[in-house]
Enquirer: 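Pasting a structure here, questions to come.
Letters go in sequence order (proteins before strands), and every chain restarts at 1. Excluded from the calculations below are hydrogen atoms, water molecules and symmetry mates; all remaining heavy atoms, backbone and side chain alike, are included.
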Amino acid sequence: MDKLIDLQNIHFAYPNQAPVLNGINFSLKAGEKIAINGPNGAGKSTLFHIMVGLNKPNAGQVHAFGQIRKTEADFKEVRRRIGLVFQDPDDQLFCPTVAEDIAFGVLNLGLTVNDALLVVEQTLSELHLEHLRDRATHNLSGGEKRLVSLACVLAMKPDVLLLDEPTNALDEKTQERLVEILNALPQAMVIISHDAHFRRKITKRYLTMENGLLITPDPKCKHAQ
Amino acid sequence: MSPASSDMHIRNDGANPWLLKLDPRARIVASFLFACTVIALHGFVALSIALACSLLLLISARLPGAKTMKKVMTMDGFIIFMLFMLPFTTPGEFWFSIGPFNATWEGFYKALEITIKANAVVLTLLALVGTIDAIVLGHALNRLRLPQNLVHLMLFSVRYIDVLKQEYARLRTAMKARCFTPGNNLHTYRSIGYLLGMLLVRSLERSERILEAMKCRGFQGKLYLLKEFHFHRRDRFFSLFSLLILIVLLAVDQHYG
């Protein structure tokens with residue numbers, strides 16, 4: 001029961017394409033932080049999409065929060081509790097202003113407009129982004145877009161965070177901000193990242209995806225033999 | 001040259017129907033002239049012959065029946081209200097009445113005429129022009145000396161419509177990941193509005209980026225379309241035959257109309 005996410009023997013292939021995932025087993029406990037790396041196109045993002053039901057596995061079972069999840073209705077609840085931050089912030093930000101974009105998810109949870117605005121203010125101040133409140137989302141810099149897209153997901157107060165290459169195209173300063181923010185969060189998280197330094201700053205546990213399987217990598221240090 | 005090589009519903013097995021082997025330019029000009037002629041016709045004899053011609057072309061192109069019917073029905077959907085209104089709004093000989101509204105035979109004939117004209121033109125377009133691959137169509141229009149801007153607009157639309165579609169799909173997925181369920185409420189309408197607005201803004205910005213990238217490669221307002229077309233004997237025969245049919249159509253209409 002203490003496993004938040006438990007994937008069992010997940011197989012997945014996009015229509016008319018070679019299989020991407022070949023029997024993935026993966027579990028995430030409360031408060032745990034796991035990093036995943038692996039070559040481009042290995043299926044890391046696909047794995048995230050399966051966790052929140054945007055893709056349905058061809059075989060295998062998705063357990064989330066102690067229940068098996070199969071139908072779209074099952075995953076509606078899962079998406080409330082798992083926050084997925086997309087690889088490209090532009091995929092996520094679509095409202096005219098930052099405040100409206102943050103309010104979007106909160107309103108989807110059924111809050112009233114006034115309550116949603118309170119959550120927006122709270123989230124912005126927690127991440128020290130108040131100055132971006134009324135900016136147009138498409139005018140933000142790359143780093144600002146990244147932080148705002150994280151804020152959008154955090155505003156929904158998820159139990160689990162899934163971050164898809166969060167350091168993509170971030171300068172060092174913003175990257176440090178991101179590390180600070182992520183380390184201060186109590187949520188369990190899974191992070192896809194190719195940046196070894198960034199991974200180490202967040203967590204010691206990390207997995208590699210290869211040939212559609214998640215494996216614990218051998219230590220690469222030359223003294224390890 | 002195989003004009004419809006990338007067209008999905010054409011089997012590319014080397015045994016293409018004769019119609020698809022014709023020069024796209026000949027097909028475009030023929031369907032344009034056919035449309036002009038059909039619009040000028042009045043009598044039902046000539047119109048019936050025109051409709052038969054377009055059906056013959058449709059069979060020759062070996063288009064899939066169900067899909068084509070659906071396309072034609074879509075077009076008919078646009079004019080159906082006008083067709084139903086016509087008998088009631090045209091003055092003439094009394095036909096029947098619904099309540100205070102009187103229908104006339106003249107109106108009925110008018111509606112029938114418009115239906116036949118519209119369907120004949122659309123069927124011909126589907127058979128002759130609809131079977132030309134979009135890119136090839138752009139090249140052919142360019143060779144037919146259509147204004148360059150129009151041709152470029154068309155070719156760019158073909159190139160980027162899929163990019164836009166993907167952008168839309170990605171945004172929708174991201175919305176779904178944040179628990180968005182469409183419903184009949186203000187929140188849904190506002191969010192969909194934002195979505196469309198953002199797509200518009202992004203397309204505009206993308207177009208500027210594309211132009212900048214083109215300028216970096218020395219773009220000076222001219223695109224070079226390299227495709228060459230060859231007018232074969234069968235094209236000459238087709239053009240001549242089409243012209244003959246159009247003249248016959250007009251003559252029949254003069255005689256019976």
Side-chain angles (χ1 to χ4, degrees), chain A residues 45-46 48-55 72-73 75-113 116 136-139 149-158 160-162 164, chain B residues 5-13 64 67 133 156 159-214 216:
Chain A
S45 303
T46 307
F48 276 6
H49 283 210
I50 282 177
M51 288 179 194
V52 296
L54 293 172
N55 286 330
E72 181 69 16
F75 279 108
K76 280 206 172 123
E77 197 217 327
V78 173
R79 287 181 206 139
R80 286 163 184 260
R81 300 180 63 182
I82 299 183
L84 171 58
V85 181
F86 280 67
Q87 190 170 346
D88 183 354
D90 277 326
D91 289 352
Q92 227 171 315
L93 305 174
F94 74 98
C95 298
T97 69
V98 170
E100 279 162 328
D101 217 305
I102 297 177
F104 169 74
V106 186
L107 288 170
N108 286 338
L109 297 182
L111 266 71
T112 63
V113 176
T137 47
H138 69 276
N139 282 336
S149 68
L150 181 63
C152 289
V153 170
L154 284 178
M156 297 171 75
K157 306 204 166 50
V160 177
L161 265 183
L162 305 179
D164 197 343
Chain B
S5 54
S6 60
D7 206 327
M8 265 172 31
H9 49 257
I10 306 299
R11 281 146 297 159
N12 194 15
D13 52 3
K67 258 189 192 167
D133 181 79
F156 272 111
R159 166 65 182 81
Y160 284 104
I161 209 150
D162 203 50
V163 176
L164 266 180
K165 202 175 133 200
Q166 280 172 17
E167 194 146 291
Y168 171 79
R170 281 204 308 271
L171 277 171
R172 277 309 296 263
T173 314
M175 285 167 84
K176 211 167 151 192
R178 285 204 271 159
C179 299
F180 178 69
T181 19
N184 187 13
N185 51 45
L186 194 61
H187 173 61
T188 301
Y189 296 132
R190 191 186 299 121
S191 304
I192 297 288
Y194 288 165
L195 171 69
L196 296 179
M198 189 51 75
L199 272 181
L200 200 73
V201 172
R202 294 238 186 107
S203 323
L204 206 69
E205 286 180 345
R206 187 190 292 277
S207 69
E208 276 160 13
R209 286 199 301 275
I210 293 169
L211 182 64
E212 280 162 9
M214 285 165 72
C216 288

Enquirer: What residue in A/Leu93, A/Val52, A/Val106, A/Val78 has the most heavy-atom pairs under 4.5 Å with chain B?
Expert: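 Of A/Leu93, A/Val52, A/Val106, A/Val78, A/Leu93 has the most heavy-atom pairs under 4.5 Å with chain B.
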Enquirer: To the nearest 0.5 angstrom, please state how far the SG atom of B/Cys179 sits from the CD1 atom of A/Ile82.
Expert: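 Taking SG in B/Cys179 and CD1 in A/Ile82, the distance rounds to 10.5 Å.
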Enquirer: Contact between A/Asn108 and B/His187 at the side-chain level, heavy atoms closer than 4.5 Å - yes or no?
Expert: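 The answer is yes, as the side chains (C-beta and beyond) meet within the 4.5 Å cut-off.
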Enquirer: Look at A/Pro96, A/Ala136, A/Pro158, A/Gly53 and state which one has the largest set of heavy-atom pairs under 4.5 Å with chain B.
Expert: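 Heavy-atom pairs under 4.5 Å are most numerous for A/Pro96.
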Enquirer: Rounded to the nearest 0.5 Å, how far does CZ of A/Phe94 lie from CZ of B/Arg172?
Expert: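 With rounding to 0.5 Å, CZ (B/Arg172) is 9.0 Å from CZ (A/Phe94).
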Enquirer: Is the shortest heavy-atom distance from the side chain of B/Arg178 to the side chain of A/Asp101 under 4.5 Å?
Expert: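 With C-beta onward as the side chain, the pair touches.
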Enquirer: Please report the interatomic distance CD(A/Glu100) to OG(B/Ser191), rounded to the nearest 0.5 Å.
Expert: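 It is 9.5 Å, given to the nearest 0.5 Å.
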Enquirer: Using heavy-atom distances under 4.5 Å, tell me whether B/Arg202 contacts chain A through its side chain, its backbone, both, or neither.
Expert: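 For B/Arg202, side-chain heavy atoms alone lie under 4.5 Å from chain A.
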Enquirer: Would you say CD1 of B/Ile192 has more than 12 non-hydrogen atoms from neighbouring residues, nucleotides or ligands within 6.0 angstrom?
Expert: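 Counting other residues, nucleotides and ligands, CD1 of B/Ile192 exceeds 12 neighbours.
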Enquirer: On a heavy-atom basis, which atom in B/Thr181 and which in A/Lys76 lie closest, and how many Å separate them?
Expert: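 Reported closest heavy-atom pair: CG2-CE, 3.0 Å.
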Enquirer: For B/Leu171 and A/Asp91, which heavy atoms make the closest approach, and how far apart are they?
Expert: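 Closest approach of B/Leu171 to A/Asp91: CD2-O, 3.0 Å.
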Enquirer: Between atom CD of B/Glu205 and atom CG of A/Asp90, what is the distance when rounded to the nearest 0.5 Å?
Expert: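 Nearest 0.5 Å value for the CD-CG distance: 8.5 Å.
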Enquirer: For A/Phe86 and B/Ala174, work out which heavy atoms get closest and say how close.
Expert: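 Closest pair (atom of A/Phe86, atom of B/Ala174, distance): CZ-CA, 3.5 Å.
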Enquirer: List the atom of A/Glu72, the atom of B/Lys176, and the distance in Å for their closest heavy-atom pair.
Expert: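 Scanning both residues, the minimum pair turns out to be OE2-CE, 3.1 Å.
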Enquirer: Determine the minimum heavy-atom distance between A/Leu54 and B/Thr173, stating which atoms define it.
Expert: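 Nearest heavy atoms, A/Leu54 then B/Thr173: CD1-CG2, 3.5 Å.
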Enquirer: At a heavy-atom separation under 4.5 Å, does B/Glu167 approach chain A through its side chain, its backbone, both, or neither?
Expert: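 Neither part.
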Enquirer: What are the two closest non-hydrogen atoms of A/Cys95 and B/Met198, and how far apart are they?
Expert: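 Nearest heavy atoms, A/Cys95 then B/Met198: O-CE, 3.4 Å.
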